Structure formats: C-alpha cells, structure tokens
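Heads up, the thing below is written out as structure tokens.
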Amino acid sequence: MSVLLYGASIVLLVFALIDIITKSDDQVRGLPKFAWILICIFLPVVGSIVWFAVGHDWSQGDRNHGRYIEPRRHEDQYASLGHARAAHGDKRVTGTEQELAELEREIEYWEAQARLRRAKEAAGEGEPTSGS
C-alpha cells in the first residue's frame, strides 16, 4: 500500500512540475515559477497540491494552451471562392498554372538529360578502353 501512495505522489509531482514549467509567467499566481518548482521538489505532495490549488491560473482567457489553432488566411474573409476571385481576379490561378507548366518543362529537361547520360554510358560499355 505504501508503494502505491509513493507512486501516486511521484506522479503528482511530475504532473505539477510539467505544468509549472510549461506555463508562461503571466499564468503563474502568487510566486515566481522558480519558487513553485522548489516548493514542489522539497515538499512533493503538499507543494503539488498547493500549486494546483493556489499557483495555477485557472481563469479562462484567449490563451492557446499548447493546442494547434489554424492560422487565419487571406481567403477566409470571403464567403466563397467566387467572391475571392471577383475581388482579386484570376491572378493566383494563372500564376499557379504557369508555375506548374514551368515545373513540367523542368522535369522533362532533367528526364532527357538522364536518358542521354544512360545512352552515353551504354555506348561507352561496348567500346574498348584506351588503357587496355
């Protein structure tokens, strides 16, 4: 039974330390973060309980809390794709099409270079070398 209580106190201490370390300074109440860390290390059970009861800022706010929030894009201000195209024209679409065409031409160029290199290597294998 004492092993179970010891394990629970270690788990509580670890959670408290992780919570203290990941909080920003404006989310810590009462004492500085360093002081809360020392209290939790020297008084594991009591310090952890006091941290969660007093030191942790539980107020709701516009904080991120480590969760992913999708960034607001320029296109999000329009009700539909049609409204965005009406406002900006087809500049973005034609630019993308031009970029894709350039990439396809570049791929074709490098594929042709690779075919030439392979053909030269194949032709070079059948000829006698000057060193033999």
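The first residue of the sequence shown is numbered 1, and numbering continues consecutively from there. From a predicted model like this one, the values you see are computed outputs, not experimental measurements.
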Exercise. Donor-acceptor pair, Lys33 side chain versus Lys23 backbone, under 3.5 Å?
Worked result: yes
For this session: Report yes or no: do Val14 and Phe52 belong to one cluster of Ile/Leu/Val/Met/Phe/Trp/Tyr joined by side chain heavy-atom distances under 4.5 Å?
Result: no
For this session: Using the rule that two of Ile, Leu, Val, Met, Phe, Trp, Tyr join whenever any of their side-chain heavy atoms come within less than 4.5 Å, decide whether Val50 and Ile21 are in one cluster.
Result: yes
For this session: Give a yes or no answer on whether the side chain of Gln27 reaches the backbone of Ser24 with a donor-acceptor pair at less than 3.5 Å.
Result: yes
For this session: Give, for atom CD1 of Ile107 and atom CG of Leu100, the distance between the pair rounded to the nearest 0.5 Å.
Result: 9.5 Å
Exercise. Could you go step by step and tell me if Ile39 and Leu31 meet the side-chain contact (heavy atoms from CB on, under 4.5 Å) rule?
Worked result: CA-CA 10 Å; Ile39 289 171; Leu31 297 171; 3.5 Å; yes
For this session: Start with the C-alpha distance between Ile37 and Leu17, add both sets of side-chain angles, then the distance that settles side-chain contact (heavy atoms from CB on, under 4.5 Å), and finish with yes or no.
Result: CA-CA 6 Å; Ile37 291 172; Leu17 288 176; 4.1 Å; yes
For this session: Evaluate the criterion side-chain contact (heavy atoms from CB on, under 4.5 Å) for residue pair Val45 and Leu13; output intermediate values, then yes/no.
Result: CA-CA 7 Å; Val45 176; Leu13 172 66; over 6 Å; no
Exercise. Looking only at heavy atoms, which two atoms of Ile20 and Cys40 are closest? And how far apart?
Worked result: CD1-SG, 3.7 Å
Problem set entry | Partner set under side-chain hydrogen bond (donor to acceptor under 3.5 Å, both in side chains) for Trp51, not counting sequence neighbours | Asp19
Exercise. With the 4.5 Å side-chain cut-off for hydrophobic clustering, are Val11 and Tyr6 part of the same group?
Worked result: no
For this session: Check for a donor-acceptor pair, side chain of Trp36 on one end and backbone N or O of Arg29 on the other, with a separation under 3.5 Å.
Result: yes
Exercise. Given the rule that I, L, V, M, F, W and Y join up when any side-chain heavy atoms are under 4.5 Å apart, are Leu12 and Val3 in one cluster?
Worked result: no
Exercise. Out of curiosity, does Leu38 fall in the hydrophobic cluster containing Val54 (side-chain heavy atoms, cut-off under 4.5 Å, transitive links)?
Worked result: no
Exercise. Checking side-chain contact (heavy atoms from CB on, under 4.5 Å) against Arg117, which of Lys120, Glu121, Arg115 comes through?
Worked result: Glu121
